[in-house]
Trainee: 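Could you have a look at this structure, given as structure tokens, before my questions?
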Protein chains: 2
Amino acid sequence: MYNNYKDKLIGFYNKDRRMPTYTEMMSLFGFKSKNAVSRLVDKFIEEGIVSKDHLGRLVADVSFNSIPMLGYVKAGFPTDVAEELSDTINIDDYLINKKGDSYMLTVDGDSMIDAHITDGDMVLVEKTNTAKDGQIVIADVDGEFTMKYFRKKGDKIWLEPANKDFKPIHPKMYLNITAVVKAVIRKY
Amino acid sequence: MYNNYKDKLIGFYNKDRRMPTYTEMMSLFGFKSKNAVSRLVDKFIEEGIVSKDHLGRLVADVSFNSIPMLGYVKAGFPTDVAEELSDTINIDDYLINKKGDSYMLTVDGDSMIDAHITDGDMVLVEKTNTAKDGQIVIADVDGEFTMKYFRKKGDKIWLEPANKDFKPIHPKMYLNITAVVKAVIRKY
DNA sequence: CTTGACTGTGAACGCTCGTTCACATATACT
DNA sequence: AGTATATGTGAACGAGCGTTCACAGTCAAG
């Protein structure tokens, strides 16, 4: 019914990264009165598409930043996506826990190929000095940075590649963990 | 110098997903006058941290939604990240081209394992009816949905798994492309 | 046709916005 | 000490905000 208006609203939001004012919505929707906008906004609020904060300003619903989650590949695409939506997610929110400590790195080399991280992939890492046995980490071993599995048995720590052509790395001097890998992102 | 203020500003933005008003910034920064805020905002604008739109409203710089890109793993972490930043990216913008036609699917099975897409990975797909030879697609073959390499030689089209345990799929009745895989996302 | 529910117009209102004064205080330089 | 610069306070201002009137046109139900 009002999907046309909603699309225009989302379009504005994606372009300007903020909600429009009522005056802006007048021209956006083609109204000549702010009251028409006001009534439309009330409908949006009822439907949960938008809400208002304590200042009366419009706040975009999470769906403005999200993309639909459709379940498993085998299930395929529902004929009417809108009716089948199991969920929507915001990729940023989904991946990033600690905003200030998150960084992206490009993977160089195939030493983690058996973990299905290939040359050129992007990894999202979170800065930290500690890791658990089995986590994939970025570490500084004797002055060289590398990405490997972190291994810890008792008080012995070392790094292990996920590629049988490479050998485990036992630190000669030191092994400092710089970050742990939280996600892998590959773009085609 | 003003990084403390900047952090608070970014904190507010991440929480409320909008820029604060000058009055809100007064309590946010601990000022008792809007003029102090006004002068601070002018500095922010000079530094390019924020800008103003045609209504005088504050607009967040792209960096508010972005996370730092640090180059290659081997380069490791610069001691002072702020000075070494080659770039920042917004994961959403980086991955998503057509907002309305993008969906997330969870991968089921290991038929694309040799393309380093494993069971449980998430794939970001874009709806389309056409694909080029070699692209990874979601397709409906004779009534069953699957994710495979799309192959096309001349006017012959079929699907190929990236797993030697599986055989190519030649359609008996039809092969309809539903979407192409644009990115793979794996979260640890 | 009459009635009532919608939907849009146009104008008015109070409120908060961002801006801009004059003035006070602190810090640094001569 | 004296002066300039930076930084904060407090008050005032016009402008645009979101809200809310009264009123006109449209459409479906009775």
Side-chain angles (χ1 to χ4, degrees), chain A residues 1-66 80 82-83 100, chain B residues 1-66 80 82-83 100:
Chain A
M1 191 63 167
Y2 299 105
N3 275 338
N4 192 22
Y5 291 137
K6 184 183 173 185
D7 287 345
K8 285 183 178 176
L9 187 62
I10 294 180
F12 186 101
Y13 182 81
N14 284 329
K15 198 167 72 65
D16 283 29
R17 295 205 173 279
R18 65 169 174 85
M19 290 303 247
T21 66
Y22 281 54
T23 311
E24 286 171 324
M25 280 191 267
M26 274 175 55
S27 44
L28 185 65
F29 296 147
F31 291 144
K32 292 185 180 174
S33 162
K34 281 200 283 184
N35 186 31
V37 175
S38 181
R39 290 218 181 93
L40 187 59
V41 168
D42 287 344
K43 287 230 175 68
F44 284 154
I45 293 174
E46 269 183 39
E47 295 178 31
I49 295 172
V50 300
S51 56
K52 287 185 183 177
D53 64 12
H54 66 105
L55 292 173
R57 282 165 136 76
L58 290 183
V59 181
D61 186 63
V62 279
S63 67
F64 279 56
N65 288 298
S66 302
D80 186 347
E83 289 180 4
Chain B
M1 191 63 165
Y2 299 105
N3 276 338
N4 192 22
Y5 291 136
K6 184 183 173 183
D7 286 345
K8 286 184 179 175
L9 187 61
I10 294 179
F12 186 102
Y13 182 81
N14 284 330
K15 198 167 73 64
D16 283 30
R17 295 203 173 280
R18 65 168 174 85
M19 290 302 248
T21 66
Y22 281 53
T23 311
E24 284 171 325
M25 280 191 266
M26 275 175 55
S27 44
L28 184 65
F29 296 146
F31 291 143
K32 291 185 180 175
S33 163
K34 281 200 284 184
N35 186 31
V37 175
S38 182
R39 291 220 180 93
L40 187 59
V41 168
D42 287 344
K43 287 230 176 68
F44 284 154
I45 294 174
E46 270 183 36
E47 295 179 31
I49 295 172
V50 300
S51 56
K52 288 185 184 175
D53 65 12
H54 66 106
L55 292 174
R57 283 165 137 76
L58 290 184
V59 180
D61 186 63
V62 279
S63 67
F64 278 57
N65 288 299
S66 302
D80 186 348
E83 289 180 3

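Proteins get letters first, then strands, A, B, ... in listed order; numbering begins at 1 in each.
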Trainee: Send over the distance from A/Ile45 CD1 to D/dT19 C1', rounded to a whole Å.
Mentor: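 Atom CD1 in A/Ile45 sits about 12 Å away from atom C1' in D/dT19.
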Trainee: After noting the C-alpha distance and the side-chain angles of B/Met25 and B/Leu40, does the key distance pass the side-chain contact (heavy atoms from CB on, under 4.5 Å) rule?
Mentor: CA-CA 10 Å; B/Met25 280 191 266; B/Leu40 187 59; over 6 Å; no
Trainee: Using side-chain contact (heavy atoms from CB on, under 4.5 Å) as the criterion, list what pairs up with A/Ala60, not counting sequence neighbours.
Mentor: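 Here the qualifying residues are A/Tyr13, A/Met19, A/Phe64.
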Trainee: Going by side-chain hydrogen bond (donor to acceptor under 3.5 Å, both in side chains), name the residues that satisfy it together with A/Asp16, two or more places apart in sequence or in a different chain.
Mentor: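 A/Asp16: no side-chain hydrogen bond (donor to acceptor under 3.5 Å, both in side chains) contacts found.
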Trainee: For A/Tyr5 versus A/Phe44, what's the shortest heavy-atom pair and its separation?
Mentor: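 Scanning both residues, the minimum pair turns out to be CB-CZ, 3.8 Å.
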Trainee: Quick one: A/Phe44 CZ to D/dG18 P, roughly how many Å, whole number?
Mentor: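 So the CZ-P distance, A/Phe44 to D/dG18, works out to 15 Å.
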Trainee: Rounded to the nearest angstrom, tell me the gap between atom CG in B/Leu55 and atom C1' in D/dG14.
Mentor: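 For the pair B/Leu55 CG and D/dG14 C1', the rounded distance is 15 Å.
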Trainee: Roughly how many Å is it from CZ in B/Arg57 to P in C/dT16, rounded to a whole number?
Mentor: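 That distance rounds to 15 Å.
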Trainee: Look at the side chain of B/Arg39 and the base of D/dG8, then say whether one donor and one acceptor between them are separated by less than 3.5 Å.
Mentor: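 Looking at the base of D/dG8, it does pair with a donor or acceptor on the side chain of B/Arg39 (distance under 3.5 Å).
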Trainee: OP1 or OP2 of D/dG18 less than 4.0 angstrom from a side-chain nitrogen or oxygen of A/Lys52, does that happen here?
Mentor: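 For D/dG18, OP1/OP2 do not have a side-chain N/O of A/Lys52 under 4.0 Å.
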Trainee: Is there side-chain contact between A/Val50 and A/Ile45, with at least one heavy-atom pair below 4.5 Å?
Mentor: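 In short, these two side chains touch, coming nearer than 4.5 Å.
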Trainee: Please enumerate all residues that pass side-chain hydrogen bond (donor to acceptor under 3.5 Å, both in side chains) together with B/Asn35, with sequence neighbours excluded.
Mentor: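 B/Asn35 satisfies side-chain hydrogen bond (donor to acceptor under 3.5 Å, both in side chains) with no other residue.
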Trainee: Between residues 21-36 of chain B and DNA chain D, which residues have a heavy-atom gap below 4.0 Å?
Mentor: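 Correct list: B/Phe31, B/Lys32, B/Ser33, B/Asn35, B/Ala36.
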Trainee: Starting at CG of B/Leu40 and ending at P of C/dG18, how long is that distance when rounded to a whole Å?
Mentor: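 The distance from CG of B/Leu40 to P of C/dG18 comes to 14 Å, rounded to the nearest Å.
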Trainee: For the helix from C/dC1-D/dG30 to C/dT30-D/dA1, figure out the bend between the end axes, five pairs an end, and round to 10 degrees.
Mentor: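 End-to-end axis angle for the helix from C/dC1-D/dG30 to C/dT30-D/dA1: 20°, rounded to 10°.
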Trainee: Can you tell me how far the CD1 atom of A/Ile49 sits from the CG atom of A/Leu58, to the nearest 0.5 Å?
Mentor: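 Reported to 0.5 Å precision, the distance equals 11.5 Å.
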Trainee: Applying salt bridge (Lys or Arg N to Asp or Glu O under 4.0 Å) as the test, list every pair that has at least one member in residues 24-33 of chain A; sequence neighbours left out.
Mentor: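 Qualifying pairs, neighbours excluded: A/Arg18-A/Glu24.
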